[in-house]
Amino acid sequence: MLRVAVMVSGGGTNLQAIIDAVKDGTITNTELVAVISNNAGAYALTRAKDNNIPAYCISPKDYESRDAFNDALLDKVNELNVDLIVLAGFLVRIPEKMVHQYSHRIINIHPSLIPSFCGVGFYGLKVHEAALEKGVKVSGATVHYVDEGMDTGEIIFQKAVDVLDGDTPETLQKRIMEQAEWKLLPKAINKIANEHVN
């Protein structure tokens with residue numbers, strides 16, 4: 001069984017897609033062992049509790065320095081003995097120490113077709129605003145491994161989603177979530193889980 005921790009900062013719609021996919025058998029050989037948020041008010045923590053998944057808040061605000069927070073985050077992940085860390089809208093940069101220790105065991109979902117509209121500052125609606133400003137006809141989502149860079153790791157899956165006339169950042173975001181993110185993330189976890197089985 002692949003032991004998975006999901007890290008999320010907000011509402012947790014991608015987390016819900018993962019929970020649902022484990023329940024309906026889209027994701028096999030996987031146990032969701034924890035949900036970790038940097039935000040005590042994240043609805044994702046409620047989703048975790050509603051599904052009997054241990055939920056933890058580890059916030060930079062609760063530590064005297066970024067290093068202390070990074071160490072606490074890594075300590076919690078180590079304590080949980082996880083095989084895979086899934087970033088599902090986690091808006092905190094992953095500590096380099098963790099990236100090294102969990103090399104090729106951290107994946108992220110990004111709401112564009114990397115290498116477009118990614119890197120520092122590109123998160124949430126900002127990604128979709130930039131895509132619409134540029135006038136692209138196709139956007140989408142990417143699941144990739146996390147490395148030391150920002151959205152620079154090896155790509156696992158991508159799915160294109162059409163940009164429609166009259167799209168707003170909000171309508172584009174919703175379509176990309178529904179058509180790409182909520183499908184790609186479970187698919188990537190299932191792929192890793194079934195490669196992981198010995």
Side-chain angles (χ1 to χ4, degrees), residues 4-15 17-18 36-39 42 44 58-61 63 65-67 69-71 73-74 77 84-164 167-189 191-192:
V4 175
V6 182
M7 296 190 181
V8 59
S9 295
T13 52
N14 273 306
L15 168 65
I18 295 165
I36 299 172
S37 183
N38 61 305
N39 171 11
I58 301 171
S59 169
K61 292 184 196 130
Y63 296 88
S65 68
R66 183 55 85 155
D67 284 345
F69 161 75
N70 287 346
D71 289 344
L73 188 61
L74 183 55
V77 170
L84 182 70
I85 300 164
V86 177
L87 308 182
F90 191 60
L91 301 180
V92 174
R93 191 173 185 129
I94 295 300
E96 205 160 296
K97 226 189 312 190
M98 188 185 288
V99 172
H100 291 163
Q101 190 176 327
Y102 287 86
S103 175
H104 237 67
R105 293 196 294 152
I106 308 175
I107 65 171
N108 181 47
I109 182 91
H110 184 76
S112 76
L113 296 174
I114 290 175
S116 299
F117 313 115
C118 66
V120 177
F122 283 102
Y123 60 88
L125 281 175
K126 295 184 168 145
V127 177
H128 308 297
E129 286 163 1
L132 291 172
E133 265 170 41
K134 195 57 114 173
V136 296
K137 301 300 176 204
V138 176
S139 191
T142 304
V143 179
H144 65 93
Y145 285 107
V146 173
D147 62 9
E148 292 79 4
M150 191 66 89
D151 302 326
T152 55
E154 177 195 336
I155 290 170
I156 303 168
F157 291 126
Q158 287 188 308
K159 188 171 194 304
V161 174
D162 288 336
V163 178
L164 305 180
D167 259 339
T168 63
E170 290 78 10
T171 59
L172 182 57
Q173 179 182 51
K174 186 169 188 283
R175 189 176 322 109
I176 288 173
M177 281 179 173
E178 289 170 351
Q179 293 182 15
E181 293 183 44
W182 298 346
K183 292 182 169 62
L184 287 188
L185 204 45
K187 186 178 167 190
I189 294 166
K191 175 180 189 285
I192 292 164

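Positions are given from 1, in the same order as the sequence printed here. Note that the structure is a prediction, hence the values are computed from the model and not measured.
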Is any side-chain heavy atom of D147 closer than 4.5 Å to a side-chain heavy atom of E154?
no
To the nearest 0.5 Å, atom CG of N70 lies from atom NZ of K97 at 7.5 Å
Between P169 and E129, the two heavy atoms sitting closest are CG-CG, 3.4 Å
| Pi-cation contact, F117 with K134 (under 6.0 Å, within 45°) | no
query: Any donor-acceptor pair under 3.5 Å linking the side chain of S59 with the backbone of N39?
result: no
query = Do H110 and V127 have side-chain heavy atoms sitting under 4.5 Å apart?
reply = yes
To the nearest 0.5 Å, atom CD1 of I176 lies from atom OG of S139 at 3.5 Å
Are more than 12 heavy atoms from other residues, nucleotides or ligands located less than 6.0 Å from atom NZ of K159? yes
Minimal heavy-atom distance between S116 and S112, with the atoms involved, is O-OG, 2.5 Å
**Prompt:** So, R175 side chain and D162 main chain: donor-acceptor pair closer than 3.5 Å or not?
**Reply:** yes
Note: A42 and G10 closest approach over all heavy atoms is CB-O, 3.4 Å
ask   = Has Y123 got more than 12 heavy atoms of other residues, nucleotides or ligands less than 6.0 Å from its OH?
value = no
**Item:** Side-chain touch V77/M7, heavy atoms, less than 4.5 angstrom
**Value:** yes
task = Give a yes or no answer on whether the side chain of Q173 reaches the backbone of G124 with a donor-acceptor pair at less than 3.5 Å.
result = no
Residues V6 and A88: closest non-hydrogen pair is CG1-CB, 3.8 Å
In this structure, CG of L185 is separated from CG of L87 (nearest 0.5 Å) by 9.5 Å
task = Apply side-chain contact (heavy atoms from CB on, under 4.5 Å) to E181 and T13, showing your working.
result = CA-CA 9 Å; E181 293 183 44; T13 52; 6.0 Å; no
Side-chain contact test, heavy atoms from C-beta onward, threshold under 4.5 Å: evaluate it for E170 versus H128 and give yes or no.
no
R66 versus V92: any side-chain heavy-atom pair under 4.5 Å?
-> yes
Original post:
Any side-chain heavy atom of D151 within less than 4.5 Å of one from T142?
Top reply: no
Rounded to the nearest 0.5 Å, the CG atom of L184 sits from the NZ atom of K191 at a distance of 12.5 Å
Value for CG (L132) from OG1 (T171), rounded to nearest 0.5 Å, stands at 7.0 Å
So CG of N14 and CD1 of I109: to nearest 0.5 Å the spacing works out to 5.5 Å
Notebook entry, point to check: Short question: side chain of S9, backbone of L91 - any donor-acceptor pair under 3.5 Å?
Noted result: yes
Quiz prompt | Check against side-chain hydrogen bond (donor to acceptor under 3.5 Å, both in side chains), H100 and E148 | solution = CA-CA 8 Å; H100 291 163; E148 292 79 4; 2.7 Å; yes
From the list V99, I106, I156, T152, side-chain contact (heavy atoms from CB on, under 4.5 Å) partner of Y145 resolves to I156
Beyond-backbone contact of F90 with V8, side-chain heavy atoms, under 4.5 angstrom: no
- [ ] Would you mind reporting whether L73 and P95 have side-chain heavy atoms less than 4.5 Å apart?
- [x] yes
